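Note sheet for the following structure.
In what follows, chains carry the letters A, B, and so on, assigned in the order in which the sequence lines appear, proteins first and then strands, with residues in each chain numbered from 1. This structure is a prediction, so every number in the text was calculated from the model and none was measured. Hydrogens, waters and symmetry mates are skipped; everything else that's a heavy atom, side chains included, is used.
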Number of protein chains: 2
Amino acid sequence: MPRSPKTADQDVVKRRVSCSIAGALELVGERWSLLAIREMAYGVHRFDQITGYTGAPRNILTDRLKSLEGSGIVERRQYSERPPRFEYHLTAAGRELVPVLIALSQWGDRWGHDEPIESFPHSCGAPLQVDHTCHHCHQPVVPEDLKPQAMGIAAH
Amino acid sequence: MPRSPKTADQDVVKRRVSCSIAGALELVGERWSLLAIREMAYGVHRFDQITGYTGAPRNILTDRLKSLEGSGIVERRQYSERPPRFEYHLTAAGRELVPVLIALSQWGDRWGHDEPIESFPHSCGAPLQVDHTCHHCHQPVVPEDLKPQAMGIAAH
DNA sequence: CTTAATCCGTTGTGTTTTGGAACTGACTCG
DNA sequence: CGAGTCAGTTCCAAAACACAACGGATTAAG
């Protein structure tokens, strides 16, 4: 019986625009953006190096860096006057994307289709494996925590 | 002086292909993919509902779901025989993307350009704020942990 | 029985975004 | 001078995208 219990559907669009995930993806969800951010997090700050390491086409990277700068994620620092040259650095907002990168990398380690890669070592020496815990109750955050009644979703 | 200390640059491409972040982005980095995954994590499993909530064009969503199914992130379950109808569910791989979604949403809450949104409540009741800690040493993971000597990056 | 509506797509048609490669320009080094 | 570096820009073909319309299968309403 393909007939659902009829949910209010006027606000179909409301959820989309007022969602932090969609909002984040609007700023960093385009191709190459997160990879460029990864490079800067690694400590790579020069245009040519970023293109080289990410594989991003130069013109695309130009665009991405420009828009990331516009979003306050990247800061453009001039390091040479007379051939005007710039370095790209993460702002505080950019640095706070690192958990996203780490989460992606952990997932990629486990489920990516490429050969198994050695993961980063944490500063403690052990291979980094991140636990996600609630700041308040210190319990691990599980997938079901994303499935809340919040935002007026009828239970399906 | 725009002159770097000359680094070996033959393996410029090596890093890109052998990176778990890039690998993950190849599978879920396209537009609408993560939003569709978000919906399934929320418990929304039907085509029309997913298009409605995400705003993704139908044909694009068809593509995305197909490719996510091919990557083993989404499972297509038939729930009606004679008008053949399907539901889309996350696999284990898909469910493990939830930390990525949560990290993105936390970032979006703080830095997204839209109006401040109320965040999810955790199951403990408090507004969810996630701590990222090393599974071994239980220390918080900080941005600098991503900047390692690993992967043969010369210090810049 | 006829008409409308739901649900899940597919097709068709333009627009936008990409990717790749070549080109510019201002230097630097030997 | 000639080769090399660095950071872009420009050009163009190819791919991805958005929108709207169409379709078949079925159930609900009048």
(request) Starting at atom CD of A:Q78, determine the distance to atom C1' of D:dC6, rounded to an integer number of angstrom. (result)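 Between C1' of D:dC6 and CD of A:Q78: 14 Å.
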(request) Can you sort out the partners of A:R58 under salt bridge (Lys or Arg N to Asp or Glu O under 4.0 Å), two or more places apart, ordered by chain and number? (result)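 Only A:D48 meet the salt bridge (Lys or Arg N to Asp or Glu O under 4.0 Å) criterion with A:R58.
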(request) State which residues pass salt bridge (Lys or Arg N to Asp or Glu O under 4.0 Å) with A:R76; sequence neighbours excluded, sorted by chain then number. (result)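 Applying salt bridge (Lys or Arg N to Asp or Glu O under 4.0 Å) to A:R76 gives none.
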(message) Checking B:R46 against B:Y79 for the side-chain hydrogen bond (donor to acceptor under 3.5 Å, both in side chains) test, could you report, in this order, the C-alpha distance in whole Å, the side-chain angles of both residues, the deciding distance, and whether it holds?
(response) CA-CA 10 Å; B:R46 312 270 249 247; B:Y79 70 92; 3.3 Å; yes
(message) Treating primed atoms plus P, OP1 and OP2 as sugar-phosphate and everything else as base, which nucleotides of nucleotides 7-19 of chain D get B, S or - for protein heavy atoms under 4.0 Å?
(response) BBBBB-----SBB
(request) Could you label the plane-to-plane angle of the A:F47 and A:Y88 rings as parallel, tilted or perpendicular, counting under 30° as parallel and over 60° as perpendicular? (result)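 If you compare the ring of A:F47 with that of A:Y88, the planes turn out tilted.
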(request) Identify the nucleotide, in any strand shown, that forms a Watson-Crick or G-U wobble pair with C:dC8, with both distances under 3.5 Å; if there is none, say none. (result) none
(request) Once you apply the 3.5 Å cut-off to both distances, tell me the Watson-Crick or G-U wobble partner of D:dG23, or none. (result)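 Answer to the pairing question: none, since D:dG23 forms no Watson-Crick or G-U pair.
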(message) Could you tell me if B:H132 and A:H132 have a donor-acceptor pair between their side chains, going purely by distance under 3.5 Å?
(response)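 Yes, because at least one side-chain N or O of A:H132 sits under 3.5 Å from a partner of the opposite role on B:H132.
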